[in-house]
Amino acid sequence: MKDILNSKVKHREAFRPFAPAVLADRASEYFELDIESPYMLIVAPVRDDKRQEVPAITHVDGTARVQTLTPEANGTFYELVERFGELTSVPVVLNTSFNDRGEPIVETPEQALAFFGPSRLDYLFLEDFVVAHSATDLDTVTEAGA
C-alpha cells in the first residue's frame, strides 16, 4: 500500500514512513504505547507480532508515528476506522497529509477536487459525497455499499 500511495499521490522517497491512525482503545494491541497520541507527536514501537499486519505504517526501525482516535475528538473519522476494523479485524489505517510532494496541504473542497482530477487516486470522499473519475467507477463503489 505504501508503494501504491507513493506512486499515485505522494511521489516521495520510498523510505519515508506513513503514519497510522488507530482507535485509541485498541492502540496498545498494535503499539507499545500507554497514552493517547491525538496529534501524531509520539513515535512508538509497533508490536513485533503486528508488524506483518500493518507493514505500510511500520518504519524500517519498527516504529510508527501514531495518531490515536476517539469518538469525541474524531467523530466520523473514528467511525470510518471503526468500520474498517469490523470488516478487516484491523482497527488501523494509513494516514497522511493530503498533498503532493512539494505542494501545500489541501485545505478546501475546491483544492481537493483540483488535486483529484489529474491524480491517479481511485476515489475522493468529501464529507457525504463520493467523487470518481467516471460513472463506471462511481457505479463500482456504489455497488460495494460505500
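Bear in mind the structure is a predicted one, so any value in this text is a computation, not a measurement.
The backbone N or O of L121 sits less than 3.5 Å from a side-chain atom of S119, completing a donor-acceptor pair. For the pair R51 (side chain) and T63 (backbone), a donor-acceptor distance under 3.5 Å is absent.
The shortest distance between side-chain heavy atoms of F31 and P20 falls below 4.5 Å. Side-chain contact between E82 and F77: absent, with no pair of heavy atoms (C-beta onward) separated by less than 4.5 Å. For the pair V90 and E53, the minimum side-chain heavy-atom distance is below 4.5 Å.
Pairs engaging residues 46-74 under the ring-ring contact (aromatic ring centres under 6.0 Å, His included) rule: none recorded [sequence neighbours left out].
Heavy atoms from other residues, nucleotides or ligands lying under 6.0 Å from CD of Q52 number 12 at most.
Of the listed residues (N95, T68, V66), just one forms a side chain to side chain contact (heavy atoms under 4.5 Å, CB included) with M40, and that residue is N95. Of the candidates L69, L23, V46, V54, V54 is the only one forming a side chain to side chain contact (heavy atoms under 4.5 Å, CB included) with V92.
Using cut-offs of 30° and 60° on the angle between ring planes, the pair H133 and F116 is parallel.
No hydrogens or angles considered: nothing links the side chains of Y78 and E72 as a donor-acceptor pair under 3.5 Å.
Transitive grouping of hydrophobic side chains (ILVMFWY, heavy atoms separated by less than 4.5 Å) brings L124 and L94 into a common cluster. Taking hydrophobic clusters as Ile, Leu, Val, Met, Phe, Trp and Tyr residues chained together by side-chain heavy-atom distances below 4.5 Å, V131 shares a cluster with F98.
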